[in-house]
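Just below is one structure, and these are the notes that go with it.
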Amino acid sequence: MSKLAFLYLSHINVRFIILLVNLMLFSYDVFSNGLNNNKLKTIVIDPGHGGKDPGTLGTKRYSKYEKDIALSVSLKLGNYISNSFPDIKVIYTRKEDVFLELNERTRIANKSNADIFISVHCDGFTNSKAYGASVFVMGMSKLKANLDVAMRENAAMYLEDNYKQKYDGFDPKSAESYIVFSLMQNTYLDQSLQLAEYVEEQFAYKANRKSRGVKQAPFYVISRTNMPSILVECGFLTNPKEEDYLQTDQGQNQIAMSIFEAVKNYKLSLESSFSSNNIIDSNDINNKSENNLQSNQVVYKVQIATNLTSIFNDKKFAGIKVEEKLVNGIYKYYVGSNTDKSIVDEMKTDLKNNGFKDAFVVAFYNGKRISTKDALNLQKQNN
Ligand SMILES: [Zn+2]
């Protein structure tokens, strides 16, 4: 335990200790339930705030606040899912402008045995220049950088009656309170990261939004759900230009469509059949990859995993030539490197059939990640 953590712990009162025990029991419960199938059947969409809690007010040039935009984007997202996949059950934590307690939101998700949980929000900041969309998973690694946004979102608790009793003395604005989150087991981190990555991909490379990346922070609402969970900050309402965009039907459609596409990718990867017992034929992969490619070329790779700590030496990578890259605090693992997308597509299929069900193709140009569509266009222009 770090010195800092010890210092915090020494200040923890009895209530916190009770909360810790609860959290440990909760983690055990989550762990023993597990993901019992690989089909996406139920999705819970959680429009942030509502009723007496408006969320971020933005620049106050509009009569619609964070709660309204979150609801609108959520309903559009749910419609896209229901229209394309009528078999998927879409559950909303709220469908109208009502106030909902944070623990009620997680209760709805857990009660419905949902396969994924998506909480939809809009960002706000004191500096109006801040803009862009972020996708969060529950976590503590970059606590200082992302604590502000978690504190702001968790502060919805203050509007609940008896919040101190309900949340065992947890104070959303006190940094010390957050130590309890670090003791929680994040059972669905891998899947949450995967879903978050897909959303980020859509924002950055398809919707042409400024993406602030996949991050982690201790949001209450995604810390108690026993399923892969993400919190999406669609953009800053305190940035006039971004607020204008998010207030329009078109902007909301685009954001909802991006999240929908990500859900679709996640569903595909979840449901593609795989066997984790097969061992990758490393020769097969290595023979197909070209090394020492020039940087001014478009290069395709297969991304096979993401993790918050390095798993470079994990035995699941045994026999595979894996490349590790640290991007915005998240470790990403790539296989192969080729200018020919069809070869990398084939590798992806091999990898998916050999236990890496989340594998997908990514493109780079001058070392920078670009969309595969842009990559193909660039190659067309250069030929
Ligand atoms: Zn919010």
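Only a predicted model underlies this, so the values are computations on that prediction, with no experimental measurement involved. In listed order, ligands and their atoms are each counted from 1.
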Establish, yes or no, whether a centroid distance under 6.0 Å links the rings of Tyr163 and Tyr158.
-> yes
Between Tyr178 and Phe170, does the ring centroid distance fall short of 6.0 Å?
-> yes
Can you give me the OE2-the Zn ion (ligand 1)-NE2 angle for Glu153 and His49, to 10°?
->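 The angle at the Zn ion (ligand 1) comes to 150°, rounded to the nearest 10°.
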Going through the distances and angles, do Phe364 and Tyr334 end up as a ring-ring contact (aromatic ring centres under 6.0 Å, His included)?
-> CA-CA 12 Å; Phe364 294 88; Tyr334 305 103; 5.4 Å; yes
Qualifying residue for side chain to side chain contact (heavy atoms under 4.5 Å, CB included) with His121, from Leu231, Val73, Ile69 |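 When side chain to side chain contact (heavy atoms under 4.5 Å, CB included) is applied between His121 and each of Leu231, Val73, Ile69, only Leu231 qualifies.
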N, O or S atom within Glu66 nearest to the Zn ion (ligand 1), by name | OE2
Of the N, O or S atoms in His121, the one nearest the Zn ion (ligand 1) | ND1
